[in-house]
Structures are given as structure tokens and as C-alpha cells.
Amino acid sequence: MIPPVQVSPLIKFTRYSALLVGMIYGKKRYDYLKPIAEEERRIEAEEKKKREELERIAKELAEGSSSV
């Protein structure tokens, strides 16, 4: 096998700097998107409740009209 090559300190520094910058960017982006996603989930839950209530009412009306 070929022995490992010495990597330039500049390349090492650049790699770890890019990793750190990426982690910081990811954290900021996550903090920005998290409240938006929570609001979307809350709205979706409200819409689901309304939809289920309408389905329940429609089912009751269908049962009521068929039994009369």
C-alpha cells in the first residue's frame, strides 16, 4: 500500500473552517424555519379538527335521513 500523504495545513484549516461555517449556517437556518413549521402544523391541526367535525355532522345527517 501507499503511505499516507501529508496534507497541507492550509487545506486542513480550510476543511474545518468550512465544516464550522456549515454547522453555524445550519443552526441559524433551523432556528429560522422551526417557528414557521410549528405554525403550519398548528393550522393543519385546526383544519383537521374542522374537517373531522364536518364529516361527523354529514355522517349524522346521512344516518338521520336514512332512518326517517
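Between Glu39 and Arg42 there is a salt bridge, with a side-chain nitrogen of the basic residue lying less than 4.0 Å from a carboxylate oxygen of the acidic one. Using a cutoff of 4.0 Å between basic side-chain nitrogens and carboxylate oxygens, Glu60 and Arg56 are scored as salt-bridged.
Here the OH atom belonging to Tyr25 is positioned 10.5 Å from the OH atom belonging to Tyr32, to the nearest 0.5 angstrom.
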| query | Going through the checks in order, is the side chain to side chain contact (heavy atoms under 4.5 Å, CB included) test met by Arg51 and Glu55? | reply | CA-CA 6 Å; Arg51 192 171 44 246; Glu55 289 173 0; 3.9 Å; yes
| task | Could you please spell out the steps behind the side chain to side chain contact (heavy atoms under 4.5 Å, CB included) verdict for Ile43 and Glu47? | result | CA-CA 6 Å; Ile43 291 171; Glu47 289 175 355; 3.6 Å; yes
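In this structure, the side chain to side chain contact (heavy atoms under 4.5 Å, CB included) partners of Leu20, at least two apart in sequence or on a different chain, are Ile24.
Cluster annotation: Tyr16 is connected to Met23 through the hydrophobic network of ILVMFWY side chains, with a link wherever side-chain heavy atoms come within less than 4.5 Å.
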